[in-house]
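Proteins come first, then strands; the chains are lettered A, B, ... in the order of their sequence lines, and each starts at number 1. All values reported here derive from a predicted model rather than from experimental measurement.
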Amino acid sequence: MTTADSKTQDPAGRLLLIDGHSLAFRSFYGVPPENFVTASGQYTNAVYSFTNTLLGQIRAEKPTHIVVAFDLSGPTFRTEQYQEYKGGRAETPAEFAGQIDLIKRLLHALNIPWVTVESYEADDIVATMTARGKDAGFEVLIISGDRDSFQLVGDGVTLLYPVTSGPSKGIRRMGPAEIEEKYKVPPHLYPDLAALTGEQADNLPGVPGVGPGFAAKWLNEYGDLAGVLENQDKIKGKKGEALRENVDAVLRNRKLNRLVDDLELPITLDDMDDYGPNHDELNALFDELEFNTIRKRVSETFADREAEAAAQVDMTMGQTQSIETAAEFTAWLEVASSAIESVERATAVPTRLEDAITVFPVADTDAPEAGNAREKQLLGMMLGAGSGAAWIDLVDIQPDTEKVVGEWLSDPSSAKTVFDVKQQYKNFHARGFELAGVLEDPMLSSYVLGYIPTARRRTFTAMMEDLSEQYLRDAFPAEPSAETAVQGDLFATEPVINLEYTALVTRYIQELSYVLHQELENQEQLALLETMELPVARVLAQMELAGIALDADALADLKSHYDSHIKQATETAYSIIGHEVNLGSPKQLQAVLFEELELPTTRKLKSGYSTDAESMADLLTRINPDSDGAQFLQALGTYRDYTKLKQTVEGLGKATAADGRVHTTFQQNATSTGRLSSIEPNLQNIPIRTEEGRKIRAAFVVDPKPVDGTEYVSLLTADYSQIEMRIMVHLSQDEKLIQAYRDGEDLHRFVGSQVFGVEPEDVTSEMRAKVKAMSYGLAYGLTKFGLSKQLGVSVEEASKLTVNYFQRFGKVGRFLRNTVKDANKAGYTETMFGRRRVLADLGSSNRQRREAAERAALNAPIQGTAADIMKIAMINVHERLESEKLKTRILLQIHDELILEVAPSEEERAREILEQEMSGAVELLVPMDVQAGTGNSWHAAGH
DNA sequence: TTGTTAGCGTA
DNA sequence: GTACGCTAACAAT
């Protein structure tokens with residue numbers, strides 16, 4: 001079976017055509033020559049910019065084929081027909097001399113072919129290649145700054161138009177829609193339009209007084225140029241007259257701007273797909289040109305391509321063997337590694353994965369889930385090794401086979417790769433197997449490399465589609481429709497498994513494993529996978545399986561308690577305005593507040609004015625506290641507070657599984673900073689700030705006798721105190737703040753005393769609150785406007801506060817500035833442990849986007865380092881609990897807090913381990929203070 | 001049924 | 001001013 005079916009609509013390849021002279025000229029004018037001159041006096045600005053554009057487009061568009069066309073200096077068929085063609089052009093600048101030849105040498109070093117044709121222009125070559133590419137089913141991309149190439153644009157043909165100045169400097173991608181948008185005619189009519197208006201660059205005058213607007217109007221009215229000329233007498237006014245007087249010129253223009261697309265070329269498509277750097281030749285040329293920074297771009301650009309080339313694997317599968325006996329299984333494993341080797345790949349299998357078997361468990365999607373825990377009943381698993389595959393039925397498996405398979409699965413020295421290792425730990429656990437020895441998980445590796453699926457692409461298939469396209473350059477095949485498999489047996493009770501397809505899926509997981517593992521290695525990110533993500537996945541699986549117990553009765557009481565408050569508030573609200581209104585509808589609220597009650601308006605939203613809590617609080621300060629409006633707002637606030645709490649409680653109730661516990665899912669590949677996220681339900685946003693909210697935490701309880709048979713006596717919680725502040729202080733190396741933390745001082749009091757110039761004991765709570773807000777704000781990329789709003793002080797005072805702060809703690813300011821600067825340079829930020837976040841908007845010309853990216857760049861290393869530290873702590877806590885054979889287990893992580901369920905007689909030891917491993921997860925210049933507590937509930941354990 | 005907006009809970 | 005996920009209302013189907 002191959003993937004051919006799914007590829008029929010895909011282009012056979014992607015052909016990049018470059019008008020060499022045109023791009024060279026654009027490049028020349030895009031970069032000032034003064035900065036690019038070698039010791040020998042050779043100008044290189046055009047070469048440099050050309051190279052940059054070329055590499056950028058190779059990277060962005062990932063063409064499979066590339067060719068460059070150049071003009072020749074002699075006469076062309078156009079100059080023969082019209083002497084003045086391209087006449088009157090200014091002399092080529094002296095600085096340009098020789099740069100075309102250098103570009104040709106560059107192309108040679110990159111093994112990119114270039115073409116010229118006697119008495120034709122580069123444009124005609126491009127047109128001819130476009131036609132050839134289309135015939136061969138290719139997607140065609142043209143880089144040219146010549147407007148004549150507009151006529152080539154169409155379905156599957158895109159123009160990459162260099163814009164050398166202005167705000168949108170760079171390459172503009174122009175498809176038919178963009179051309180039509182700009183000129184109001186479809187691409188194929190552009191030459192008609194140009195014939196009418198004339199082309200300054202080619203010294204072709206058109207109809208005087210007729211610009212693109214009128215030309216487009218006429219063309220749209222009469223269909224095309226022929227239509228316009230047929231109807232020339234109908235066109236009134238000066239412009240009509242001018243047209244009639246210049247018909248000859250128009251016809252001449254049209255003749256000259258028609259590109260020739262059937263030239264004989266000395267080259268075919270097959271000669272264009274083998275591009276790539278000859279490193280020795282290229283280095284020699286770069287030495288000569290005195291190019292340095294660009295070298296790295298070359299290796300980066302082609303590292304991508306080489307990795308992709310590596311993935312160009314024939315996805316043909318061999319026979320899928322159904323394994324029944326232990327002997328068959330053992331025998332299959334023995335030949336597996338040779339099956340891996342036997343597949344041809346452009347790049348070798350990473351050494352660590354040479355013997356790795358890909359394990360793809362197949363769950364019964366129709367079976368009811370076990371409670372609300374999402375582990376599914378396993379029907380079997382496919383094992384993949386190169387083109388070989390083995391299916392092991394886990395429903396009707398023989399006991400001795402089961403034993404051998406179980407041993408292999410749990411053997412850490414038997415290397416494996418799986419997709420979504422956390423889910424597989426859970427799946428196998430539910431089936432009574434333990435999984436160990438997983439060295440690679442493409443889901444986690446792709447996350448480390450920056451891939452975060454959108455919410456609606458978080459399914460296995462969608463992620464495989466995305467990753468196969470990005471890393472294998474191959475479409476992930478869709479499962480053949482089940483209809484054919486069922487063959488009329490509509491009442492089949494046995495689930496039907498398409499083994500052929502399952503084997504192919506396994507193969508994709510395996511090839512992704514190789515490519516992603518190699519890519520992690522190339523990008524020096526492998527340690528993050530091996531020492532952090534893979535180990536923490538195991539901890540998370542255990543946590544999700546454990547879940548946390550809820551006191552159902554307490555929850556029910558809470559709900560009715562909240563309900564009565566909601567009822568009360570609702571009635572009050574209605575009685576004030578004299579009618580009912582849906583207090584949950586911002587739209588209806590707007591009508592009541594701003595029309596009926598005629599309250600002052602708040603900040604604008606997309607439609608209408610905001611009714612959020614902040615706006616309402618602000619309104620309350622502006623109106624008479626005894627007015628109807630104020631009373632209504634009070635009731636609304638109460639309604640909202642309690643509704644929110646009730647929804648939280650209801651959500652928890654719905655999420656409670658048969659074992660009386662909630663089993664959240666910790667998503668390990670969802671955040672841009674490296675944090676976890678918690679879904680279904682989200683247990684990372686359980687209220688704590690208000691007394692009423694904290695009651696919910698009291699319903700998270702220790703379950704003395706959970707179904708697993710072990711006894712538990714308490715919940716134990718520990719959180720890092722001010723971890724992000726400490727990280728910021730560590731990274732900034734500010735001596736004063738480091739000392740303050742080492743002395744165990746109240747940080748905000750200390751900072752307050754410095755900023756306000758008073759003794760620490762004289763810092764008022766107001767002062768403390770201000771510096772606290774500012775300290776936290778700093779890590780979020782605070783602005784003086786944001787601070788003034790937060791503190792309710794003037795922008796001037798906020799500004800003064802900031803200045804004072806940085807005067808006292810200059811290294812913090814320097815650190816923050818450097819963080820953004822480094823991010824700008826690299827295009828990404830890095831945590832202390834090397835976790836990266838790519839920020840594409842850093843160089844954006846859009847100020848809003850750029851500044852948002854800068855704030856994110858400020859925050860990512862801080863938040864991300866905290867996330868890394870917590871992951872390390874979790875791995876170590878879990879490891880200690882296991883190695884010391886404790887039954888105490890981790891249940892939840894809330895970013896800087898861990899919650900454990902403690903077994904009898906383990907309270908003291910568990911607390912020691914937790915405090916030790918959390919505070920000792922990393923050595924910083926400041927201590928990692930940890931606060932722990934125990935109790936029968938989450939609320940009671942929290943201090 | 002699906003997608004978007006407003007609002008709000010957490011670190 | 002960073003990073004998340006969930007609910008309800010409402011619009012678009």
Side-chain angles (χ1 to χ4, degrees), chain A residues 452 454-456 458 581-590 602-616 636-637 639-652 654-655 664-667 670-690 692-694 696-697 719-725 727-728 773-791 798 802 816 819 829 837 839 848 851-867 870 892-898 938:
Chain A
I452 298 173
T454 60
R456 56 184 305 281
R458 306 200 67 91
V581 60
N582 184 347
L583 294 174
S585 164
K587 199 181 159 194
Q588 293 181 35
L589 279 177
Q590 284 170 27
T602 56
R603 75 188 159 87
K604 279 283 262 170
L605 297 176
K606 289 207 167 143
S607 63
Y609 301 97
S610 173
T611 69
D612 69 9
E614 197 191 327
S615 302
M616 297 302 98
L636 173 64
Y639 169 87
R640 282 184 165 164
D641 289 346
Y642 284 100
T643 313
K644 182 79 182 174
L645 293 170
K646 185 188 159 190
Q647 280 168 0
T648 303
V649 166
E650 276 182 337
L652 291 172
K654 281 181 204 152
T664 187
T665 300
F666 289 104
Q667 295 189 133
T671 74
S672 51
T673 53
R675 276 187 174 183
L676 301 173
S677 84
S678 161
I679 59 163
E680 296 177 42
N682 180 359
L683 296 185
Q684 290 178 327
N685 71 342
I686 301 303
I688 190 170
R689 287 178 189 171
T690 65
E692 287 290 306
R694 284 195 283 274
I696 300 179
R697 289 195 171 210
D719 65 270
Y720 284 111
S721 128
Q722 301 175 346
I723 185 169
E724 296 196 352
M725 276 303 300
I727 288 166
M728 194 162 78
M774 182 156 64
S775 291
Y776 277 104
L778 289 179
Y780 295 156
L782 177 100
T783 63
K784 56 189 174 185
F785 306 105
L787 186 64
S788 90
K789 200 170 161 219
Q790 167 88 17
L791 298 178
T802 316
L816 297 173
T819 302
T829 61
R837 174 172 183 186
L839 289 156
Q848 272 212 352
E851 288 178 348
E854 286 171 357
R855 292 192 296 271
L858 212 62
N859 178 255
I862 299 170
Q863 189 185 117
T865 298
M870 180 52 108
L892 297 180
Q893 184 248 50
I894 303 98
H895 307 308
D896 65 357
E897 176 185 12
L898 289 180
W938 188 0

### Query
Between A/Thr783 and C/dG1, is there a side-chain N or O to OP1/OP2 distance below 4.0 Å?
yes
### Task
Please check the phosphate of C/dA3 (OP1 and OP2 only) for any side-chain N or O of A/Arg837 closer than 4.0 Å.
yes
### Query
When you look at CD of A/Glu614, are more than 12 heavy atoms from neighbouring residues, nucleotides or ligands closer to it than 6.0 Å?
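Atom CD in A/Glu614 is not packed in, count stays at 12 or less.
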### Message
My understanding is that only residues two or more places apart in sequence, or in another chain, count here; which of them pass side-chain hydrogen bond (donor to acceptor under 3.5 Å, both in side chains) with A/Thr829?
### Response
none
### Task
Can you sort out the partners of A/Ser585 under side-chain hydrogen bond (donor to acceptor under 3.5 Å, both in side chains), two or more places apart, ordered by chain and number?
none
Between [atom2] on [N] and [atom1] on [X], what's the gap in Å once rounded to a whole number?
{"X": "A/Leu839", "N": "C/dA3", "atom1": "CG", "atom2": "C1'", "result": "13 Å"}
{"X": "A/Asp896", "N": "C/dT2", "atom1": "CG", "atom2": "C1'", "result": "14 Å"}
{"X": "A/Glu680", "N": "C/dT7", "atom1": "CD", "atom2": "C1'", "result": "14 Å"}
{"X": "A/Gln893", "N": "B/dT10", "atom1": "CD", "atom2": "P", "result": "17 Å"}
{"X": "A/Arg697", "N": "B/dT10", "atom1": "CZ", "atom2": "C1'", "result": "8 Å"}
{"X": "A/Arg675", "N": "C/dT2", "atom1": "CZ", "atom2": "C1'", "result": "8 Å"}
{"X": "A/His895", "N": "C/dC4", "atom1": "NE2", "atom2": "P", "result": "10 Å"}
{"X": "A/Leu898", "N": "B/dA11", "atom1": "CG", "atom2": "P", "result": "14 Å"}

Nearest heavy atoms of [X] and [Y], plus distance in Å:
{"X": "A/Ile452", "Y": "A/Ala670", "result": "CG2-O, 3.5 Å"}
{"X": "A/Tyr609", "Y": "A/Lys604", "result": "CE2-CD, 3.4 Å"}
{"X": "A/Ala773", "Y": "A/Leu791", "result": "CB-CD2, 3.6 Å"}
{"X": "A/Gly781", "Y": "A/Arg855", "result": "O-CD, 3.2 Å"}
{"X": "A/Met774", "Y": "A/Leu787", "result": "SD-CD2, 3.7 Å"}
{"X": "A/Arg694", "Y": "A/Ile688", "result": "NH1-O, 2.7 Å"}

### Task
Would you jot down, in residue-number order, the residues of residues 855-864 of chain A having a non-hydrogen atom under 4.0 Å from DNA chain C?
A/Arg855, A/Ala856, A/Asn859, A/Gln863
### Query
Hey, mind stepping through A/Leu816 and A/Met728 against side chain to side chain contact (heavy atoms under 4.5 Å, CB included) and telling me if it holds?
CA-CA 9 Å; A/Leu816 297 173; A/Met728 194 162 78; 4.3 Å; yes
Can you name the atoms? Protein N/O to nucleotides 11-13 of chain C N/O, anything below 3.5 Å, with the distance.
{"unit_1": "C/dA11", "atom_1": "OP1", "unit_2": "A/Lys587", "atom_2": "NZ", "d": "2.9"}

Checking all strands, does [X] fall into the base, sugar-phosphate, or nothing category for heavy-atom contacts under 4.0 angstrom?
{"X": "A/Leu782", "answer": "base"}
{"X": "A/Glu897", "answer": "nothing"}
{"X": "A/Asn582", "answer": "sugar-phosphate"}

### Query
Residues in ring-ring contact (aromatic ring centres under 6.0 Å, His included) with A/Tyr780, at least two apart?
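Result, ring-ring contact (aromatic ring centres under 6.0 Å, His included) vs A/Tyr780: none returned.
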### Task
Would you indicate which nucleotide in C/dG1, B/dA11, C/dA9 comes nearest to any side-chain atom of A/Ser585?
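Among C/dG1, B/dA11, C/dA9, the one nearest the side chain of A/Ser585 is C/dA9.
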### Query
Only one of A/Glu650, A/Glu692, A/Arg640 forms a side chain to side chain contact (heavy atoms under 4.5 Å, CB included) with A/Leu645, so which one is it?
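Of A/Glu650, A/Glu692, A/Arg640, side chain to side chain contact (heavy atoms under 4.5 Å, CB included) with A/Leu645 is met by A/Glu692 alone.
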### Summary
Letter by letter from the 5' end, nucleotides 3-9 of chain B scores (B base, S sugar-phosphate only, - none; protein heavy atoms under 4.0 Å) S-SSBBB
